[in-house]
Number of protein chains: 2
Amino acid sequence: MGKNEKISPAVIRRLPKYYRYLGELSKVGVNKISSRELSDMTGFSASQIRQDLNNFGGFGQQGFGYDVENLRNEIGKILGLDKKYKIIIVGAGNIGQAIANYTGFYEADYEVVALFDKNPKLIGLSIRNALIMDSDDLEDFLEKEHIDIAVICTPKSVCQQVAEQLVRCGIRAIWNFAPKDLKMPEEVYVENVHLNESLFSLTYYYNKMKKESE
Amino acid sequence: MGKNEKISPAVIRRLPKYYRYLGELSKVGVNKISSRELSDMTGFSASQIRQDLNNFGGFGQQGFGYDVENLRNEIGKILGLDKKYKIIIVGAGNIGQAIANYTGFYEADYEVVALFDKNPKLIGLSIRNALIMDSDDLEDFLEKEHIDIAVICTPKSVCQQVAEQLVRCGIRAIWNFAPKDLKMPEEVYVENVHLNESLFSLTYYYNKMKKESE
DNA sequence: GAAAAATCGAGAATTTTTTAACAATATTTT
DNA sequence: AAAATATTGTTAAAAAATTCTCGATTTTTC
Ligand SMILES: NC(=O)c1ccc[n+]([C@@H]2O[C@H](COP(=O)([O-])OP(=O)(O)OC[C@H]3O[C@@H](n4cnc5c(N)ncnc54)[C@H](O)[C@@H]3O)[C@@H](O)[C@H]2O)c1
Ligand SMILES: NC(=O)c1ccc[n+]([C@@H]2O[C@H](COP(=O)([O-])OP(=O)(O)OC[C@H]3O[C@@H](n4cnc5c(N)ncnc54)[C@H](O)[C@@H]3O)[C@@H](O)[C@H]2O)c1
């Protein structure tokens, strides 16, 4: 499937956006799209879009454009959205519950199988078919069930030790919401959602704009 | 304060990370740090750290390093974390409530002043001193109160119209959690938190690693 | 107190990413 | 059916980001 070269992270982060727009187009019955039109929608340059896609193979047709449904499927396959993923969430507080409650990852087949917490008041409750379990039972659970992705929603004070426990039990993909960089072995991929950093960037640009408009 | 050139977004996104590590160092009593040590902690190269900081002025001392507390303050000033910000949240569902409940933006002075929702069951409730108000009262509220940042936590179907309403009422900074790109005039800064895209990237790298380890 | 080591800041070199150019190919028009 | 138009894929050029190098300066060692 495509070329063997290393694909830059910037490319990978643009793919989900293409995928989303293609999904919207598909939904409203558009079945052909050019890189130029996609550029107008996404804000990325047409050239960049073509370049990005050609990292993985030629999905378009010269003189014509791209078939919306086909391109969407191809990008989905590249990202792995054609497969099913089982997820657990560790830390069933504000963020952990919000994610468990979320039904909008529909585009792909993600299933939150269980949550884990150490707070006895939460243990035993359910969120959309997923039970909140005692975090003491985490290791036993992971021995029995195959889980693809673990979401860390604990306080930052314990996120590193939780991550290490997860990795010991075979987890290789972590979605980390705690504001700390996990130190992990190479074979584990960590995707951080650092909301503080996002808000701080926003703050910088907010102030910059205010200054400029003075 | 520093030079007039345009600073790249990549630099701005690294500053909050430096700021966080410096805060941690400060807390444990370290008061001197070299770009080399900061490199070991953050994973960014020492050269890049020095280059980044020199966009804003020379905060270090040759042969010595950087004063932790001083550098942290300087980065804080660059980001604008020395000022106070009033925030409202539109959409008091899962994510909106999670953010309102969050006390971890402590590093700077952010205050969630109010939430807005159209669900009568939510209107009137309070989250940490912030009242959930009727979204019909949003415009009146914004006329009276000065708000710096609006957080959009509504379903994506209404996020564009909500954003337009906010901008009409003078909002210039939006933190958007809805999975859609807002079309906004130039003078409005939008910081997107697109969790779907983050999860899709994670999925790509998870699959890539699995393939490589086969 | 002189020599050695550490370190920043600045500019140069390198690498990576993005944009532009254009030949090849498909569609549409006349 | 020929000409005009549209559009991709690919290669080249340009721009941007990162890393390297090194002189200047401070601290540490002997
Ligand atoms: N809520 C937000 O808006 C927000 C924003 C930015 C970052 N974060 C980060 O996300 C994480 C979660 O935030 P939150 O607001 O949901 O916090 P929270 O306090 O609501 O939830 C944390 C949960 O983790 C549980 N927990 C603690 N130790 C545990 C352990 N060892 N094993 C399993 N569970 C454990 C707690 O019982 C609690 O239920 C934190 O690291 C926070 O800094 C949250
Ligand atoms: N929860 C998650 O984990 C998650 C993940 C990714 C993206 N998101 C996005 O974040 C947004 C919020 O998600 P959520 O899970 O909190 O949803 P939610 O349904 O829990 O909350 C949405 C809230 O918005 C309110 N609302 C609807 N229309 C409104 C309007 N016109 N004005 C004011 N309020 C209005 C609803 O009454 C509801 O309380 C959505 O766009 C969702 O796609 C959420």
Side-chain angles (χ1 to χ4, degrees), chain A residues 1-18 21-22 25 30-75 78 201 204, chain B residues 1-18 21-22 25 30-75 78 201 204:
Chain A
M1 180 229 286
K3 298 153 193 182
N4 220 16
E5 301 149 36
K6 197 175 110 274
I7 311 289
S8 121
V11 175
I12 301 305
R13 268 197 299 282
R14 282 189 292 267
L15 294 182
K17 192 152 286 185
Y18 301 150
Y21 278 100
L22 290 165
L25 286 167
V30 176
N31 45 33
K32 180 199 126 166
I33 188 104
S34 70
S35 59
R36 168 65 191 282
E37 292 167 306
L38 215 44
S39 167
D40 291 341
M41 297 177 72
T42 62
F44 301 124
S45 79
S47 193
Q48 182 167 61
I49 292 170
R50 294 203 301 278
Q51 192 89 312
D52 283 354
L53 296 176
N54 284 326
N55 280 300
F56 304 97
F59 303 127
Q61 192 162 23
Q62 285 179 336
F64 175 75
Y66 299 88
D67 179 274
V68 170
E69 195 52 43
N70 175 251
L71 183 56
R72 180 163 184 273
N73 284 337
E74 291 293 346
I75 295 176
I78 294 164
S201 296
Y204 171 84
Chain B
M1 181 228 284
K3 297 150 196 184
N4 221 17
E5 301 148 38
K6 198 176 112 272
I7 309 292
S8 118
V11 175
I12 300 305
R13 268 198 298 282
R14 283 190 292 267
L15 294 182
K17 192 151 287 184
Y18 302 150
Y21 278 100
L22 290 166
L25 285 167
V30 176
N31 44 35
K32 181 200 124 166
I33 188 104
S34 70
S35 59
R36 168 65 191 281
E37 291 167 307
L38 216 43
S39 167
D40 292 341
M41 296 175 74
T42 62
F44 302 124
S45 78
S47 191
Q48 182 166 62
I49 292 171
R50 294 203 301 278
Q51 193 89 316
D52 282 355
L53 297 176
N54 283 328
N55 280 300
F56 305 97
F59 303 129
Q61 191 162 25
Q62 287 179 335
F64 174 77
Y66 299 88
D67 179 273
V68 171
E69 194 53 43
N70 174 251
L71 182 56
R72 181 165 183 273
N73 283 337
E74 291 292 347
I75 294 176
I78 293 165
S201 296
Y204 171 84

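Here is how names work: the chains are called A, B, and so on, in the same order as the sequence lines, proteins then strands, and each is numbered from 1.
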Trainee: Rounding to an integer number of Å, can you tell me how far A:Phe44 CZ sits from C:dT18 P?
Mentor: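 Rounded to whole Å, this separation is 9 Å.
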
Trainee: Please tell me which of the listed nucleotides, C:dC8, C:dA26, D:dT19, lies nearest to the side chain of B:Ser47?
Mentor: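 Of all the options, the side chain of B:Ser47 is nearest to D:dT19.
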
Trainee: Check this one for me: any side-chain N or O of B:Ser35 less than 4.0 Å away from OP1 or OP2 of C:dT7?
Mentor: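 False: B:Ser35 side-chain N/O out of range (4.0 Å or more) of C:dT7 OP1/OP2.
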
Trainee: Give a yes/no answer on whether the side chain of B:Ser8 brings an N or O atom under 4.0 Å of OP1 or OP2 in D:dA17.
Mentor: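 Yes, within the criterion.
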
Trainee: Could you check whether B:Phe59 gets within reach of a base, just the sugar-phosphate, or nothing at all, counting any heavy atom under 4.0 Å?
Mentor: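 Since only primed, P, OP1 and OP2 atoms lie under 4.0 Å of B:Phe59, the category is sugar-phosphate.
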
Trainee: With respect to the side chain of B:Asn54, which nucleotide from C:dA10, D:dT8, C:dT19 is positioned closest?
Mentor: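 Closest nucleotide among those given: C:dA10.
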
Trainee: Mapping A:Phe64 and B:Gly60 to their closest nucleotides on DNA chain C, which lands nearer the 5' end?
Mentor: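 That would be B:Gly60.
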
Trainee: Ignoring backbone atoms, test whether A:Gln48 places a side-chain nitrogen or oxygen under 4.0 Å from the OP1 or OP2 oxygen of C:dT18.
Mentor: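 Yes.
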
Trainee: If you assign each of A:Arg50 and A:Arg14 to its closest nucleotide in DNA chain C, which residue comes earlier from the 5' end?
Mentor: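 Nearest nucleotide further toward 5': that of A:Arg14.
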
Trainee: Hey, does A:Ile33 have a side-chain heavy atom less than 4.5 Å from the side chain of A:Tyr21?
Mentor: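 No, too far: nothing below the 4.5 Å cut-off.
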
Trainee: Which of the following nucleotides, D:dT8, C:dT19, C:dC8, is nearest to the side chain of B:Tyr66?
Mentor: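 For B:Tyr66, the side-chain atoms sit closest to C:dC8.
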
Trainee: Does A:Gln51 make a side-chain donor-acceptor contact with the base of C:dT19, cut-off 3.5 Å?
Mentor: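 Indeed, a donor on one side and an acceptor on the other fall under 3.5 Å apart.
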
Trainee: Could you state the CD1-C1' distance from A:Ile49 to C:dT19, rounded to the nearest angstrom?
Mentor: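 Going from A:Ile49 (CD1) to C:dT19 (C1'), I get 13 Å.
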
Trainee: The side chain of B:Lys32 is closest to which nucleotide in this list: D:dT18, C:dT7, D:dT10?
Mentor: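 Closest nucleotide among those given: C:dT7.
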
Trainee: What's the spacing between B:Ile49 CD1 and B:Glu37 CD if we round to 0.5 Å?
Mentor: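 So the gap between those two atoms works out to 10.5 Å.
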
Trainee: Expressed in angstrom and rounded to an integer, what is the separation of B:Leu71 atom CG from C:dC8 atom C1'?
Mentor: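 Distance check: B:Leu71 CG to C:dC8 C1' gives 12 Å.
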
Trainee: What is the distance, rounded to the nearest whole Å, between atom CG of B:Asn70 and atom C1' of C:dC8?
Mentor: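 So the CG-C1' distance, B:Asn70 to C:dC8, works out to 14 Å.
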
Trainee: For the base of C:dT25, is there a side-chain donor-acceptor partner from A:Gln62 under 3.5 Å away?
Mentor: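 A donor-acceptor contact between them is absent.
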
Trainee: Atom CG of B:Asp67 to atom P of D:dT26: distance rounded to whole Å?
Mentor: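 Going from CG in B:Asp67 over to P in D:dT26 covers 16 Å.
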
Trainee: Roughly how many Å is it from CZ in A:Arg36 to C1' in D:dA6, rounded to a whole number?
Mentor: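 Interatomic distance, CZ of A:Arg36 to C1' of D:dA6: 11 Å.
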
Trainee: Please report, rounded to the nearest Å, how far the C1' atom of C:dC8 is from the CD1 atom of B:Ile33.
Mentor: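 Between C1' of C:dC8 and CD1 of B:Ile33: 14 Å.
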
Trainee: Between the side chain of A:Asn55 and the main-chain N/O of A:Asp52, is any donor-acceptor distance below 3.5 Å?
Mentor: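 Answer holds: yes.
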
Trainee: Taking CG from B:Asn55 and P from C:dA10, how many angstroms apart are they, rounded to a whole number?
Mentor: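 Distance check: B:Asn55 CG to C:dA10 P gives 11 Å.
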
Trainee: Please round to the nearest 0.5 Å and tell me the distance separating atom CZ of B:Phe59 and atom CD of B:Glu74.
Mentor: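 Rounded to the nearest 0.5 Å, the CZ-CD separation comes out at 4.5 Å.
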
Trainee: Is there side-chain contact between B:Leu15 and B:Phe56, with at least one heavy-atom pair below 4.5 Å?
Mentor: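 Side chain of B:Leu15 against side chain of B:Phe56, heavy atoms only: contact under 4.5 Å found.
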
